[in-house]
Amino acid sequence: MPELPEVETVARGLAASLEGHVIVKVQQNRADLRIPFPPNLKTRLEGRRVIHIGRRAKYLLLSLDDGQILVVHLGMSGSVVIRHDPSLPPQPHDHLVLTADDGVVYVLNDPRRFGLVEMVAADRLDEHRLFAGLGPEPLGNAFNGKSLAKAFAGKKTPVKAALLDQRVVAGLGNIYVCEALFRSGISPLRLAGTVKGAKAELLVQSIRQVLDLAIAAGGSSLKDFVHADGELGYFQHSFTVYDREGRACPGCTCDIAQTGGIERIVQSGRSTFYCPRKQR
DNA sequence: CGGCAAACCTGCGAGC
DNA sequence: TGCTCGCAGGTTTGCC
């Protein structure tokens with residue numbers, strides 16, 4: 001489900017409620033998601049205070065008072081929701097349930113189980129296998145036209161696939177890559193190595209813009225994404241190309257009956273939505 | 001090494 | 001109504 005804006009939205013919602021509180025009870029309902037849960041997770045979490053909640057790429061980071069970080073990835077279908085009424089019945093696919101010292105309950109639910117939970121020492125986070133190869137944060141200072149062009153240099157893969165590569169830039173997924181490419185007027189079929197100079201700079205600005213707007217909208221709620229507080233994001237109403245096959249391209253003045261509007265193609269096994277007239 | 005398809009798993013909507 | 005098929009926001013593996 002979630003790309004960077006959705007994970008950022010969840011992190012902010014959790015921070016507002018859970019930061020500063022002690023985890024008093026942990027209920028783990030299965031042994032693994034994509035990978036096994038950390039051994040002795042219950043023992044390692046109970047009694048710990050959550051001192052900070054942040055995000056790196058698409059990973060939620062819950063910093064604990066013992067120097068460890070609880071790392072959570074939501075995969076395609078994961079969510080973390082706050083359950084203020086602990087008497088509510090558990091839902092299918094509730095895999096991990098944390099109770100805080102104020103009685104508030106936090107539930108990790110993930111039907112497809114593509115997500116993961118890991119425990120990492122804070123001072124070793126960057127060298128951990130999940131984080132060691134990650135590219136720069138797209139909203140950070142290290143990400144700019146020059147650095148992106150450098151990461152693209154010599155790549156023969158389509159720019160769409162290159163932007164989905166978390167080693168190039170960390171946090172983009174299928175939706176926001178499609179949207180950013182549309183904003184920059186770059187065809188998803190163009191080879192990454194040909195995107196440089198002013199084009200690379202424009203692409204960087206397009207990525208930043210679409211992520212900023214999506215975060216301000218609380219992310220995108222397609223099927224099942226909800227904020228930690230249960231609210232829906234609404235950026236899906238602002239999609240220009242994603243999931244809009246056959247619809248008019250905003251800014252295209254040509255006749256949609258003749259052009260067919262937004263097109264859907266498959267690249268590396270995943271849907272790409274774009275306008276072949278505006279994106280070159 | 002680079003690039004792509006397939007695999008992991010469940011749910012849902014479309015179409016017959 | 002009920003079935004089958006295809007597709008879904010991610011990442012890793014293994015093959016060419």
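Lettering follows sequence order; numbering is per chain, from 1. Reckoned from all heavy atoms, side chains included, excluding hydrogens, waters and symmetry mates.
Among pairs with a residue in residues 119-135 of chain A, those fulfilling side chain to side chain donor-acceptor pair (under 3.5 Å) read A:E118-A:R129, at least two apart in sequence or across chains. Sorted by first and then second residue, the pairs that involve residues 27-73 of chain A and meet ring pair (Phe, Tyr, Trp, His ring centres under 6.0 Å), not counting sequence neighbours, are A:Y59-A:H73, A:Y59-A:F131. Listed by first and then second residue, the ring pair (Phe, Tyr, Trp, His ring centres under 6.0 Å) pairs involving residues 261-280 of chain A are A:Y242-A:F273 (not counting sequence neighbours).
Distances were taken from every side-chain heavy atom of A:E6 (C-beta onward) to each of C:dG9, C:dA8, B:dC9; the shortest belongs to C:dG9. Of all nucleotides listed (C:dA8, B:dT10, C:dG10), B:dT10 comes nearest to the side chain of A:R113. Here the nucleotide nearest the side chain of A:H93, chosen from B:dG11, C:dG10, C:dA8, is B:dG11.
If you take CZ of A:F114 and C1' of B:dA7, they are 8 Å apart, rounded to a whole angstrom. In this entry the distance linking CG of A:L134 with P of C:dT12 reads 9 Å, nearest Å. In this structure, A:L172 places its CG atom 15 Å from C1' of C:dT11, rounding to the nearest Å. Taking atom CG of residue A:N174 and atom P of nucleotide C:dC7, one finds them 13 Å apart after rounding to whole Å. A:H73 places its NE2 atom 14 Å from the C1' atom of B:dC8, with the value rounded to the nearest Å. Following rounding to the nearest Å, A:L116 (CG) and C:dT12 (P) show an atom-to-atom distance of 8 Å. Regarding A:H95, its NE2 atom lies at a distance of 10 Å from the C1' atom of B:dT10, rounded to whole Å. Separating the CG atom of A:L74 from the C1' atom of B:dC8 is a distance of 17 Å, rounded to the nearest angstrom.
Mapping A:R129 and A:F273 onto DNA chain C via the closest heavy atom, the residue that lands nearer the 5' end is A:F273.
Between A:L98 and A:V105, every side-chain heavy-atom pair lies at or beyond the 4.5 Å cut-off.
Taking the P atom of each, C:dC5 and B:dA7 are spaced 16 Å apart, rounded to whole Å.
Applying the side-chain contact (heavy atoms from CB on, under 4.5 Å) criterion to A:A149, with sequence neighbours excluded, gives A:K196, A:A200. Annotation: side-chain contact (heavy atoms from CB on, under 4.5 Å) contacts of A:P250 (sequence neighbours excluded): A:F182, A:T240. In this view, A:A248 and A:I256 satisfy the side-chain contact (heavy atoms from CB on, under 4.5 Å) rule, not counting sequence neighbours.
Through direct or relayed side-chain contacts under 4.5 Å between Ile, Leu, Val, Met, Phe, Trp and Tyr, A:Y234 connects to no other residue.
In terms of phosphate contacts, A:Y176 brings no side-chain nitrogen or oxygen within less than 4.0 Å of OP1 or OP2 of C:dG9. Distances shown here put every side-chain N or O of A:S220 at or beyond 4.0 Å from the OP1 or OP2 atom of C:dG9.
Listed by residue number, A:K155, A:K156, A:T157, A:P158 are the residues of residues 155-168 of chain A with a heavy-atom contact under 4.0 Å to DNA chain B.
The base of C:dA8 has none of its N or O atoms less than 3.5 Å from a complementary donor or acceptor on the side chain of A:R270.
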Legend entry - Secondary structure of DNA chain C in dot-bracket form (Watson-Crick or G-U wobble, distances below 3.5 Å, | marking inter-strand pairs): .|||||||.|||||||

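Of the charged side-chain nitrogens involved, at least one lies within less than 4.0 Å of a carboxylate oxygen, so that A:D32 and A:R30 count as a salt-bridged pair. Under a 4.0 Å N-O distance rule, the pair A:E137/A:R56 qualifies as a salt bridge.
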